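Report on the following structure.
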Amino acid sequence: MTSPTIPAPSMYSADDPTGFTALESEVRSYSRAWPTVFDRAVDATVYAEDGTPYLDFFAGAGSLNYGHNNRRLKQVLLDYLIDDRMVHSLDMLTTARREFLETFHEVILEPRGLDHKVMFPGPGGANAVEAALKLARKVTGRESVITFTNAFHGMTLGALSVTGNSMKRGGAGIPLVHATPMPYDDYFNGDVDDFVYLERLLEDGGSGLNEPAAVIVESVQGEGGINSARAEWLRGLADLCKRHGILLIVDDIQMGCGRTGGFFSFEEAGITPDIICLSKSISGYGLPLALTLVRPELDIFEPGEHNGTFRGFAPAFATASEALRTYWTDDTLERSTIAKGALIESHFNSVVSRYSQHELVAKGRGLARGLQLPDGELAGRVTAEAFQRGLLVETSGPDGEVVKLLPPLTITDDELRRGLAILDEAFAAVLS
């Protein structure tokens, strides 16, 4: 039997100038929106292989809060590898693991009055969610989980069961059960009191709602359309969970690590979740790492009851520790993020006013911002126009109707204004 022939560059067609289509699965998505081959990246700029620069308002879907190839973190990573330090260790004890745990406790948890234990699941956000769901069910002995409209928690089956998007759920191939969706904050545009439906179901023995093990929520729904929950809504949810003996899980995978200002997105609400999921930017450098933080009394998994080959990637521990020391020992980054977010908010408000006939809606907190258009077709055209002008920006929402901004938190004011100017041109091209 002869080996399959890999197409040579000369065989690539005009319809496939990059040559990837012949080799890679149809499931790819971002490469369809940005049809170029990227090669290098520094801070808030990525470069195509022909040298064309693109300003990045995407930041690895929130995995690069401190920018691409952050110089300080890169040097720590290079030194770590040059010194032949442990790379793969499962959950064995290593100096890198100890350094991260101590730094995370001293810099993040202790100052915020959190005593959560740190669990390392697999390396991605969905792994953190799966561990949280399993643990909540084990602790309570219950199966049902309350989730919210337009939620997104990952693509593995457990995480997908608590995700709202019908297209993503459709890929499961089996029924997604043991999860009950409830209205997210302002789902009924203020016409219905918060939690009136959920509270009634919980108290009515004839409602048919199984007693929930947990509620899982995002304080800002990123993939769901930059829907930001009010602090009072989050406090009301936390109170409801406490009164009914339900564990509160906050998925802070995309909105944690400073994206909304504070390190955790729920800080301004003054709540203490039972379980917290972190990933994406926790390594600081875009290296895979995920954490499931659990209150000490909930830490009841037997040794090895939840495990994985890559549960704690040691080079990511090294860069994560340095990121915490560099950016979170004072409030400089937090204040900068809030100020830059206010700049975007003001700019988006002017866009809303400029194109009032389209009934645009500005959304978000910190440097998680969105502009909602009438439909996904218009939003997609805006991001395509932005790409043609040298800006990477994606869409989100159930129909892709929200132009979504997640620039690096370390982006300069000049870069931020330049990107907003490009967006202005894109809006004008589509909406004028």
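Keep in mind it's a predicted model, so treat the numbers as computed, not measured.
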Does any N or O in the side chain of [X] come within less than 3.5 Å of the main-chain N or O of [Y], such that one atom is a donor and the other an acceptor?
X    : Y    : answer
N65  : C257 : yes
E130 : A159 : yes
E211 : G245 : no
D252 : S265 : yes
T319 : S283 : yes
K363 : G225 : yes
H88  : T309 : yes
T337 : L333 : yes
R169 : G164 : no
E305 : E302 : yes

Euclidean distance, [Y] [atom2] relative to [X] [atom1], rounded to 0.5 Å:
X    : Y    : atom1 : atom2 : answer
L420 : F427 : CG    : CZ    : 9.5 Å
N70  : L77  : CG    : CG    : 11.0 Å
Y80  : M86  : OH    : CE    : 7.5 Å
T45  : L392 : OG1   : CG    : 9.5 Å
I108 : L278 : CD1   : CG    : 9.5 Å
R311 : S89  : CZ    : OG    : 9.0 Å

State plainly whether the residues [X] and [Y] are in salt-bridge range, i.e. N to O under 4.0 Å.
X    : Y    : result
R325 : E99  : yes
R71  : D43  : yes
R381 : E377 : yes

What I'd like to find out is whether the side chain of [X] reaches to under 4.5 Å of the side chain of [Y], using heavy atoms alone.
X    : Y    : result
L409 : S336 : no
I300 : L135 : yes
L64  : L406 : no
R97  : D91  : yes
F263 : L324 : yes
V352 : L371 : yes
T410 : Y327 : yes
N227 : Y187 : no

Which residues satisfy the side-chain hydrogen bond (donor to acceptor under 3.5 Å, both in side chains) test with [X], sequence neighbours excluded?
X    : value
N210 : none
N349 : none
S161 : none
Q254 : E223, K404

Listed by chain and number, what are the side chain to side chain contact (heavy atoms under 4.5 Å, CB included) partners of E199, not counting sequence neighbours?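 By the side chain to side chain contact (heavy atoms under 4.5 Å, CB included) rule, E199 matches E203, L240, R243, H244.
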Under the side chain to side chain contact (heavy atoms under 4.5 Å, CB included) test, which residues partner S228, sequence neighbours left out?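 S228: side chain to side chain contact (heavy atoms under 4.5 Å, CB included) contacts with V220, R365.
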Please determine, by modelled atom types, if [X] and [Y] share a side-chain donor-acceptor pair under 3.5 angstrom.
X    : Y    : answer
E394 : Y30  : yes
T52  : D50  : yes
T332 : D330 : yes
R85  : T95  : yes

For F188 together with Y197, are the ring centres under 6.0 Å from each other?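 No, too far apart.
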May I ask you to check whether W34 and Y54 place their ring centers less than 6.0 Å from one another?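 No, ring centres 6.0 Å or more apart.
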Show, in sequence, the C-alpha distance, side-chain angles and deciding distance for T383 and F58, and conclude whether the side-chain contact (heavy atoms from CB on, under 4.5 Å) test is met. CA-CA 11 Å; T383 59; F58 172 64; over 6 Å; no
Minimal non-hydrogen separation, [X] against [Y], with atom names:
X    : Y    : answer
I174 : L157 : CD1-CD1, 3.7 Å
F104 : L291 : CZ-CD1, 4.0 Å
Y66  : A323 : CE1-CB, 3.8 Å
S279 : G124 : OG-C, 3.6 Å
A128 : C277 : O-SG, 3.6 Å
E218 : G222 : OE2-N, 4.0 Å

State which residues pass ring-ring contact (aromatic ring centres under 6.0 Å, His included) with [X]; sequence neighbours excluded, sorted by chain then number.
X    : answer
F313 : none
Y285 : none
F148 : W233

Could you give all pairs that pass the side chain to side chain donor-acceptor pair (under 3.5 Å) test and reach residues 102-112, with sequence neighbours left out?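 Output for this query lists R112-E267.
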Derivation and outcome, side-chain contact (heavy atoms from CB on, under 4.5 Å), residues K168 and M155: CA-CA 7 Å; K168 293 179 173 64; M155 300 295 280; 3.8 Å; yes
Evaluation steps, side-chain contact (heavy atoms from CB on, under 4.5 Å), between L101 and F120: CA-CA 11 Å; L101 286 168; F120 299 107; 3.9 Å; yes
Applying side-chain contact (heavy atoms from CB on, under 4.5 Å) to L93 and R98, what does each step give before you reach the verdict? CA-CA 7 Å; L93 305 180; R98 180 174 59 201; over 6 Å; no
Partners passing salt bridge (Lys or Arg N to Asp or Glu O under 4.0 Å) against R417 (at least two apart in sequence or in another chain):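 R417: no salt bridge (Lys or Arg N to Asp or Glu O under 4.0 Å) contacts found.
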Could you list the residues that satisfy salt bridge (Lys or Arg N to Asp or Glu O under 4.0 Å) with D194, not counting sequence neighbours?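 With sequence neighbours excluded, D194 shows a salt bridge (Lys or Arg N to Asp or Glu O under 4.0 Å) to R230, given in chain and number order.
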